[in-house]
Amino acid sequence: MPNPSVPGPRSVPSAWWADAVVYQIYPRSFADGNGDGMGDLRGVLHRLPYLEELGVDAIWLSPFYKSPQADGGYDVADYRQVDPLFGTLADFDAMLQEAHRRGLKVIVDLVPNHTSDEHIWFQEALAAGPGSPERERYIFRDGKDDVPGSGDGRLAPNNWKSIFGGPAWSRLTEVDGSPGQWYLHLFDTRQPDLNWENPEVHEEMRSVLRFWLDRGADGFRVDVAHGLVKEAGLPDWDGAASMVEGTTGPHRESHLPGDAPHAHTDAEEPHRAVSPMYPPSPFFDQDGVHAIYRDWNRVLAEYGGDRMMVAEAWVEPAERLARYVRPDEMQQAFNFDFLLAGWDAERMAEAISASLAAAASVGSPCTWVLSNHDTVRHSTRFGLKDPTTFPKGIGAGDEQPDAALGLARARAATLVALALPGSAYLYQGEELGLPEHTTLPASARQDPTFFRTRGAEIGRDGCRVPLPWAEGEPGFGFSSGHSGQASEPWLPQPDSFGPLAADQQEGEEGSTLELYRDAIAFRSAHHLGQGTVRWTEEHAPDSGLLAFRNGDAIVVSNLGFASAPVPEGYSVALSSGPGPADDRAAMREVPVDCTVYLLPD
Ligand code: NOJ
């Protein structure tokens, strides 16, 4: 007998973000406004009408700040400047003003775990030498001796590995040319970790928040929100570090015995799950991070308009994630359990129930996300032999997806995500059904993970390919906001992008773009974002069927192997299948790999 209902938040916040559909813009690849082959803020401005028509409530922009681009801008050299690649502060202001005029909120990315090695602080730290206050802004340590007692400091201070591959420590050459101290970088060597034990770092990041709040930003997506605080003493750790901690190997248990987390008494919180594969790491999900978010919550509260923060925190289980969205911390956290469930009814149902319950226990609405700039696109993942796998990039030598199957399932999964209460995050291009570029040549790759793992990890370039706006134009119209001759897009686009270009889907019945528009409109008209999930009697995840009621609608998603009947007294209002709308009203079966929205007759 299915669980009849899943608890909703005690009281759903009425703030705009509580049920918002947020569209993620990866600025390098969204739209090019100046013809240099690289997306930019003018390109975003030019395409705002498209986003308004799509029906989203907000945009989140990945970093556009001054940066040497060692990690696509997640290596920030100046938190208060726009990189010339993307435009100017005036371009940002113009884009934000126009977004607001169109009723779209604007979320910017905050990268507080590390800076770029070109940040003035890091440059000052290098110049100032060991023991200086400048070095105290980062995590510098003397090395361990290779020859005991020699003081040679040749070994890294501990055994931590970078999430991008290789060691997490690099050794400096001091200004006098002698071998020097080591500094910690959980990511690339060019992304030194900040020292959050230092009050100056807190002060600076509060000031950065205020800088963007003063300019009118509606919120922040907080990068590596689980990583800022490191365990005292920086102890060795033998686990494998990954951006997606704990996702390889068998299906993870996502339930933890014990009480749900409550107010902000970090000391008495339940212990996180200790998986044999990934014991708790000394650099992720330390209890100390929460004081930082309580502090930032107070900064945001100084401003009107329901400003918000959304945590990028790859932590498990759901109860552990819920701690980031307690009433006095962040407003939202990305629900990666849902993303990682893959195309599998039991895993998806479990992720939905567990996420809703955990979020409800702290009075926060859930979020739903299927793709982003760090993951293989869901239209490609779901076309693999095992649609629950989570590859770290796909290359020409790897299993290639069944594109049509993947797209059918992706459309179906999106209809599930958009029908769930809370807020949904879309990644640019998924509304066009874009696949991952799975055959990018090595020469085109830019992701540092590819280089730091010597190609063992293909990396994330395949989901970051510039969008196709117009099939017949050079670069599929990526630079079409520009009048002159445009450069090639910064990453090559696959031929398969042509027929998926926005101009080919606009107004085309059954296209993925029109499906997204219809689903977002349905979600809004039926207030699904503010509703609750009640599993119906058709719900049978063990035979591949998800079925739930939300408001007056019933959602049936068929992840099984045989078609399922449409419940009596209901008709199909929207289907993820490709058929024309006229057929939908007559549909009495939900085909395999399809989701339908039903309304009473
Ligand atoms: C998470 C971001 O989403 C990813 O793109 C980046 O490489 C790392 N954090 C490091 O900032």
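What you see is a predicted model, and the numbers here were worked out from it, not measured in a lab. In listed order, ligands and their atoms are each counted from 1.
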*Find all atoms of ligand 1 within a distance of less than 4.0 Å from any non-hydrogen atom belonging to Phe187, and give their numbers and elements.*
8 (C), 10 (C)
*Can you tell me which residue pairs pass the salt bridge (charged side-chain N to carboxylate O under 4.0 Å, His left out) test with a partner in residues 218-232, sequence neighbours excluded?*
Asp109-Arg221, Asp193-Lys230, Arg221-Asp223, Arg221-Glu312
*Against heavy atoms of His114, which atoms of ligand 1 measure under 4.0 Å?*
10 (C), 11 (O)
*Mind checking what makes salt bridge (charged side-chain N to carboxylate O under 4.0 Å, His left out) contact with Glu118, not counting sequence neighbours?*
Arg190
*Answer with yes or no whether the side chains of Tyr425 and Thr367 bring together a donor and an acceptor at under 3.5 Å.*
no
*Would you mind listing which atoms of ligand 1 come within a distance below 4.0 Å of any non-hydrogen atom of Arg460?*
4 (C), 5 (O), 6 (C), 7 (O)
_Only heavy atoms of Val224, strictly under 4.0 Å: list the atoms of ligand 1 that pass._
9 (N)
*Under 3.5 Å, is there a donor-acceptor pair linking the side chains of Tyr26 and Asn372?*
no
*Could you list the atoms of ligand 1 found under 4.0 angstrom from a heavy atom of Glu312?*
1 (C), 3 (O)
*Passing option when Lys66 is tested against Leu85, Asp78, Val82 for side chain to side chain contact (heavy atoms under 4.5 Å, CB included)*: Asp78
*Please identify which atoms of ligand 1 are closer than 4.0 Å to at least one heavy atom of Arg464.*
5 (O)
